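Note that the structure is a prediction, hence the values are computed from the model and not measured.
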Amino acid sequence: MKPRQLIHGLLLLSGILVAASAQSAQTAKPRTPSQVLLGSIASVERELTGVATEMPEDKYQFAPTAGAFRGVRNFAEQVKHAAAVHHLVAATILGEPVTSDMADERGPDSVKTKADVLKYLSDSFAQLKKAASTIDEKNAFAAMKIDAGSVSDTRMGLMLVALTHASNHYGQIVEYLRMNGHVPPG
């Protein structure tokens, strides 16, 4: 085959692929707000749960002490804090009661072992998914009263807060993991 024929063949193939891709994109059904959120939650859940699982139980009380780390949460407290915010956001969206360990974002004092923390984290993602499943085109950006009626936000806004907050703590606990000689999964 001559180079010119090869180039024309490749250009023709490229054109067909672009046309097929454009047609596929036009016929694809748009995703709902809850579908988009559930995908994002699943991604954050894989990351945060992976790191929480990777840290050995004997390091769950680890907190950096050198430098400007004075007074920071230990590993378990970081994970519990992220999970407590999930529970808080989910309860707010679902109209369920907010407990004191959600409100102060620390999680229950009874959650102490690695197994307890992992279960609390898993339960928090289940609640977040339950709340995300209630979000649709009509209520995603509708104002809702939170914090005893003094602050207004939207369901979508609260979900974004929960997801970005969890991602921030993921970054912190990855550092804790690395400080203890462990490599984060994935």
Side-chain angles (χ1 to χ4, degrees), residues 21 24-25 28 30-94 96 98-99 101-135 140 155-186:
S21 175
S24 175
R31 294 180 356 175
T32 65
S34 64
Q35 289 170 326
V36 172
L37 288 169
L38 288 169
S40 295
I41 292 167
S43 176
V44 172
E45 180 178 21
R46 269 189 308 277
E47 291 175 344
L48 200 55
T49 302
V51 175
T53 302
E54 187 70 25
M55 182 66 100
E57 183 160 15
D58 66 329
K59 299 294 183 181
Y60 256 60
Q61 300 308 311
F62 170 80
T65 54
F69 290 104
R70 193 177 20 232
V72 297
R73 292 179 177 101
N74 67 34
F75 186 88
E77 291 167 341
Q78 291 277 357
V79 177
K80 282 175 49 176
H81 170 67
V85 170
H86 296 164
H87 280 290
L88 175 62
V89 166
T92 301
I93 290 171
L94 295 169
E96 296 176 351
V98 173
T99 61
D101 56 19
M102 288 179 209
D104 68 11
E105 301 176 357
R106 64 177 161 70
D109 291 335
S110 61
V111 174
K112 294 181 182 185
T113 66
K114 178 178 178 176
D116 292 342
V117 172
L118 288 171
K119 179 164 180 4
Y120 184 63
L121 181 63
S122 176
D123 292 348
S124 78
F125 279 113
Q127 284 299 102
L128 210 53
K129 290 174 192 172
K130 180 179 172 184
S133 295
T134 69
I135 299 174
R155 287 165 182 80
M156 188 65 77
L158 289 172
M159 277 291 176
L160 292 175
V161 164
L163 293 172
T164 56
H165 179 263
S167 293
N168 287 339
H169 285 282
Y170 167 79
Q172 292 174 2
I173 64 175
V174 160
E175 286 301 314
Y176 285 26
L177 196 68
R178 289 184 185 279
M179 291 172 137
N180 283 281
H182 298 276
V183 178

Q: Would you mind checking if K129 and E45 are paired as a salt bridge, meaning a charged N to carboxylate O distance below 4.0 Å?
A: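 Salt bridge: yes.
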Q | Residues E96, K130: salt bridge by 4.0 Å N-O rule | A | yes
Indicate the atoms forming the closest heavy-atom contact of [X] with [Y], along with that distance.
X    : Y    : value
V111 : K80  : O-NZ, 3.0 Å
S133 : S34  : CA-CB, 4.0 Å
A84  : G107 : CB-N, 3.6 Å
V117 : A76  : CG2-CB, 4.2 Å
M159 : A132 : CE-N, 3.3 Å
A91  : M102 : CB-SD, 4.1 Å

Any donor and acceptor pair, going by atom type alone, linking the side chain of [X] with main-chain N or O of [Y] inside 3.5 Å?
X    : Y    : result
E57  : K114 : yes
S124 : L121 : yes
T164 : V161 : yes
T134 : A131 : yes
Q35  : T32  : yes
Y60  : A52  : yes

(Q) Please evaluate residues R106 and D109 with respect to the criterion salt bridge (Lys or Arg N to Asp or Glu O under 4.0 Å), reporting the C-alpha separation (whole Å), side-chain torsions for both, the decisive distance (0.1 Å), and the verdict. (A) CA-CA 8 Å; R106 64 177 161 70; D109 291 335; 3.1 Å; yes
Find the distance between [atom1] ([X]) and [atom2] ([Y]) and round it off to the nearest 0.5 Å.
X    : Y    : atom1 : atom2 : answer
H87  : L94  : NE2   : CG    : 12.0 Å
I93  : L88  : CD1   : CG    : 9.5 Å
L128 : I41  : CG    : CD1   : 4.0 Å
L177 : E54  : CG    : CD    : 6.0 Å
L118 : T49  : CG    : OG1   : 7.5 Å
I173 : N168 : CD1   : CG    : 11.5 Å

Between [X] and [Y], is any pair of side-chain heavy atoms under 4.5 Å apart?
X    : Y    : value
V72  : E77  : no
V51  : P185 : yes
P56  : H182 : yes
Y170 : V44  : no
T92  : V89  : no

Q) Do Q78 and H169 have side-chain N/O donor and acceptor atoms under 3.5 Å apart? A)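 Q78 vs H169: donor-acceptor pair found between side chains.
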Q: Could you label the plane-to-plane angle of the F125 and H86 rings as parallel, tilted or perpendicular, counting under 30° as parallel and over 60° as perpendicular?
A: tilted
Q.
Is the ring pair H81/H165 parallel, tilted or perpendicular, if the boundaries are 30 and 60 degrees?
A.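 The rings of H81 and H165 stand perpendicular, inter-plane angle above 60°.
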(Q) Quick check: F62 with Y176 (ring centres under 6.0 Å apart)? (A)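 That pair passes the under 6.0 Å test.
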